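Report on the structure given below.
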Number of protein chains: 2
Amino acid sequence: MSKKAARTKRERDPAASRQRLIDATVRLMLRQGFAGTSVDMICQEAGMTKGGFFHHFENKESLALAAVEWWGRMGTAQYAEAWKDETLDPLAQLHRMLDIMAGFTRRPGVHCTCMVGMMSQELAATSPALRSACEKELTLWTTHAAKMLSAAKKKHRPRAKFDPVQVAWFLNSLWQGSMLVGKTCRSQEMIRHNLKLARSYVDGLFEKP
Amino acid sequence: MSKKAARTKRERDPAASRQRLIDATVRLMLRQGFAGTSVDMICQEAGMTKGGFFHHFENKESLALAAVEWWGRMGTAQYAEAWKDETLDPLAQLHRMLDIMAGFTRRPGVHCTCMVGMMSQELAATSPALRSACEKELTLWTTHAAKMLSAAKKKHRPRAKFDPVQVAWFLNSLWQGSMLVGKTCRSQEMIRHNLKLARSYVDGLFEKP
DNA sequence: CTTTACATACCGACCGGTCTGTATGTCAAA
DNA sequence: TTTGACATACAGACCGGTCGGTATGTAAAG
């Protein structure tokens, strides 16, 4: 029957099922961490059974890995808005990136927090695979920031003494720490203050004495 | 018998037993997080049985709470070296504090990481008690830093436009984030670079234009 | 165009083991 | 003899992961 065929066609969608599991994992682990989230919870949240789960993923860790990678892709896509316009002044690109970060603190009902920071804080010492995946994401972000800093330096103050890569790690650390402290103190405003100070710090790098 | 009496006297020491549990908790949870560390593991690490554990602590959460408080006391005691000498220039006190932080990255075999940041990252959303305890510790650190910044401002450049409290939160976030990123990328050197940049940032606040 | 053969997607019961927490026992000190 | 400091034993929920089975999709042979 046509109805039956249509129904089953929509229900059997392995890519969507897989993604549903990833989405559920991100939602739950962002709240409860890795060890605090059980496979049963994930299955329930994703509307799937354990059998289905282990068809798509070898184990819980490999799902977390996929979730971190997905988180990284989503994040990069959002940050890309800052650097995709290559005609824009690199310093303006940096400010655009800080705008995007500040935007993350303004979504109503969603607290600004990072899957990479959470997974890494919890699992860096016990899961080499997760640690390495998180390192990859952090490094990617830093590389992009360093490129903009480097271009801005070349354009605005080539004789400045800072190392773009070091400054990029500095900014990344500040960003991760801001989300951590902001969550702990339940203050998105503090995150924004930090970003504002970061802004003037970056500007200061290019000011001629 | 005297030997037996002496032995039992040393073995039956409730305060020491309690502390042994706390020490074990810090050691294990710093590696595996809260949910990843079981009560049995803690008992084994502390050389005690479950009965003893639940004699001293109501539950796992209250032990973690005690561990965070102990961690805070230890940390404050170490940082206090920076601000205890009230005759020292406040800017020099700040540098002394940054020295101490850098010192944490130089202990051989011990990776520089923070119990407060870890517990908070994992439990802020699910355990109000832990979140609040972590907030308290972060606030305490920030208050001390803000005091030094404020005194330095008064002394060196009273007309400077920065807010000492905001800058203190900025430094605390940077510090927490540096430990997180440093752990993820297994680079203590990166933490030290960040501290160096923080140093010149702080100095910059007091430079007259 | 059917039929047959096999692959993929998913279900849900079930496994051995681990989890936090409790109830009870022991024994030294006061 | 009471009390505090533990040990022992165990309850019962829950854990990650397996397994047998079923529904659906594909594709080649007849």
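Chain letters run A, B, ... following the sequence lines, proteins first, then strands; residues in each count from 1. Predicted model, so just to flag it, every value in this text is computed and none were measured.
- Distance CD1 (B:I42) to P (C:dT18): 17 Å, rounded to an integer number of Å.
- Contact annotation: A:S17 reaches the phosphate of C:dC10 (side-chain N/O to OP1 or OP2, under 4.0 Å).
- For residues 52-60 of chain B, proximity to DNA chain D is found at B:G52, B:H55, B:H56, defined as any non-hydrogen atom under 4.0 angstrom from a strand atom.
- Among the protein residues, B:S38 comes within range of the sugar-phosphate backbone only, with heavy atoms under 4.0 Å from sugar or phosphate atoms but none that close to a base.
- Distances were taken from every side-chain heavy atom of A:V39 (C-beta onward) to each of C:dC19, C:dG12, D:dG16; the shortest belongs to D:dG16.
- Applying the side chain to side chain donor-acceptor pair (under 3.5 Å) test to every pair with at least one member in residues 52-62 of chain A, sequence neighbours left out, gives these pairs: A:E61-A:S127.
- For the pair A:L21 CG and C:dC10 P, the computed distance is 9 Å after rounding to whole Å.
- Residues meeting the side chain to side chain contact (heavy atoms under 4.5 Å, CB included) test with A:R186, sequence neighbours left out: B:R131.
- The separation between A:Q44 atom CD and D:dC14 atom P is 12 Å, rounded to whole Å.
- Inspection of the A:D89 and A:Q93 side chains reveals no N or O donor paired with an N or O acceptor under 3.5 Å.
- Shown here are the salt bridge (Lys or Arg N to Asp or Glu O under 4.0 Å) partners of B:D40, two or more places apart in sequence or in another chain: B:K50.
- By the side-chain hydrogen bond (donor to acceptor under 3.5 Å, both in side chains) test, A:T37 pairs with A:Q32, sequence neighbours left out.
- For the segment residues 26-36 of chain B, no residue has any heavy atom less than 4.0 angstrom from an atom of DNA chain C.
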Scan nucleotides 10-12 of chain D against the protein and return all N/O pairs shorter than 3.5 Å with their distances rounded to 0.1 Å.
none

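- Between A:G51 and A:A15, the residue anchored nearer the 5' end of DNA chain C, judged by the nucleotide with its closest heavy atom, is A:A15.
- Side-chain atoms of B:V202 and B:L171, non-hydrogen and from C-beta on, do get closer than 4.5 Å to each other.
- Scored by the salt bridge (Lys or Arg N to Asp or Glu O under 4.0 Å) test, B:R199 finds B:D99 as partners (sequence neighbours excluded).
- The side-chain heavy atoms of A:Y79 and A:L140, taken from C-beta on, include no pair separated by under 4.5 Å.
- Residues forming a salt bridge (Lys or Arg N to Asp or Glu O under 4.0 Å) with B:R31 (at least two apart in sequence, or on another chain): none.
- Under the salt bridge (Lys or Arg N to Asp or Glu O under 4.0 Å) criterion, B:E189 pairs with no residue, sequence neighbours left out.
- Counting non-hydrogen atoms of other residues, nucleotides and ligands closer than 6.0 Å to CD of A:Q44 gives a total of 12 or fewer.
- Between B:D40 atom CG and C:dT20 atom P the separation is 7 Å, expressed in whole Å.
- Residues meeting the side-chain hydrogen bond (donor to acceptor under 3.5 Å, both in side chains) test with B:R18, sequence neighbours left out: none.
- Checking A:Q19 against A:D23 by side-chain atom types alone, a donor-acceptor pair falls below 3.5 Å.
- A heavy atom closer than 4.0 Å to some atom of DNA chain D occurs in no member of residues 118-132 of chain B.
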